[in-house]
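What follows is a single structure, written as structure tokens, with notes after it.
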Amino acid sequence: MSEQGKALGQQLDRVAAHHDEWAETYDCDIATMSLYNRITLDNIRRFVPDEPGARVLDAGGGTGIWSVELAKMGYSVVLADISEGMLAKAREKVASIGLEGRIEIRNANILNMPEFADSSFATVICEGDPLSYCGDHHQAMRELTRVLKPGGALIGSVDNRASALFWLREADADAIQRYLETGDIMIPPGKPENERYVCHAFTPTELQELFESNDLSVERIIGKPVFRRLALGESDDIAVQERLYQLESKYCDNPDYLGLGGHLEIVGRKK
């Protein structure tokens, strides 16, 4: 095996191991991100197909947070992930709410999905940053686009390069420059070196070019969320939270504010 192949295999092993470990608390951790989740679901609802029962791929779907939402909308969902820990939690969740007939759970790697035929999904979602963690986002995009039907939407979220600078708040100028030029950073912070993996954080321009180079017409890019660090976000007052949500809904796709988003989400339609 080539050195590049070994490095990619190591990357995927570490990603899977980290998410296996995270699986026990993942849903609780994500539940604290209520504004993020609300904006995400709003965006998904904008672009899912009209036809009842349409087949949707939740690529890198983890514990099935979005698969469950899609199944409740009436879609036939395939949840794919490389973390067996995450998939085990997904199976428990799906069984507990009686959605086994609508959600198929598969161990699959978004870099290579021979189990799925060309143009076999009406919509593909790739939430929670698999494109940032997969080790080869160009190859992943080719696969995700391959399995998407013409006219279908591909919805993906990634880490935002400008926002992720906070990971380097103690770094020297050379390290910051390397990150700004490459977008690559080792995560999770605080983990031993042999457990960390590369996260590729995108700029909005790079993300748009990635989609367009795969014959996807970009329809929307949003920041998620763009106002997350305001004091409003720490309030427990329902009315305050609703007002913050309204602000997010109004400005999250404004190009002037995308750099503030912790994540970027993009929607492209296959030509």
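These numbers come from a predicted model, not from an experiment.
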Asn214 meets the side chain to side chain contact (heavy atoms under 4.5 Å, CB included) criterion, sequence neighbours left out, with Met141, Arg142, Thr145, Leu210, Leu216
Applying side chain to side chain contact (heavy atoms under 4.5 Å, CB included) to Thr32 and not counting sequence neighbours gives none
Please determine if [X] and [Y] form a salt bridge, counting it only when a charged side-chain N lies under 4.0 Å from a carboxylate O.
| X | Y | value |
| --- | --- | --- |
| Lys89 | Glu84 | no |
| Lys271 | Glu212 | no |
| Glu104 | Arg106 | yes |
| Glu265 | Arg220 | no |
| Glu3 | Lys6 | yes |
| Lys191 | Glu21 | yes |

Starting from Ile185, can I reach Val158 by hopping between I/L/V/M/F/W/Y residues whose side chains sit under 4.5 Å apart? no
Test your reading of the model: is there a side-chain donor-acceptor pair from [X] to the backbone of [Y], 3.5 Å cut-off?
| X | Y | result |
| --- | --- | --- |
| Ser132 | Asp159 | yes |
| Asn160 | His263 | no |
| Asn37 | Met33 | yes |
| Asp58 | Ser67 | yes |

Rounded to the nearest 0.5 angstrom, the CD1-CG distance for Ile187 and Asp129 is 8.0 Å
> With under 30° as parallel and over 60° as perpendicular, where do the rings of Tyr133 and Tyr197 fit, or are they tilted in between?
Replying inline: perpendicular
Problem set entry | Ring geometry between His19 and Trp22 (parallel below 30°, tilted from 30 to 60°, perpendicular above 60°) | tilted
Sorted by chain and residue number, the side chain to side chain donor-acceptor pair (under 3.5 Å) partners of Tyr245 (sequence neighbours excluded) come out as Asp42
**Heavy atoms of other groups near Gln4 CD, more than 12 under 6.0 Å** = no
Using only heavy-atom distances, determine whether the side chains of Asp184 and His200 contain a donor-acceptor pair under 3.5 Å.
-> yes
Quiz item: Yes or no on salt bridge (Lys or Arg N to Asp or Glu O under 4.0 Å) for Glu248 and Lys224, after CA distance, side-chain angles and deciding distance?
Solution: CA-CA 8 Å; Glu248 284 289 337; Lys224 298 196 311 183; over 6 Å; no
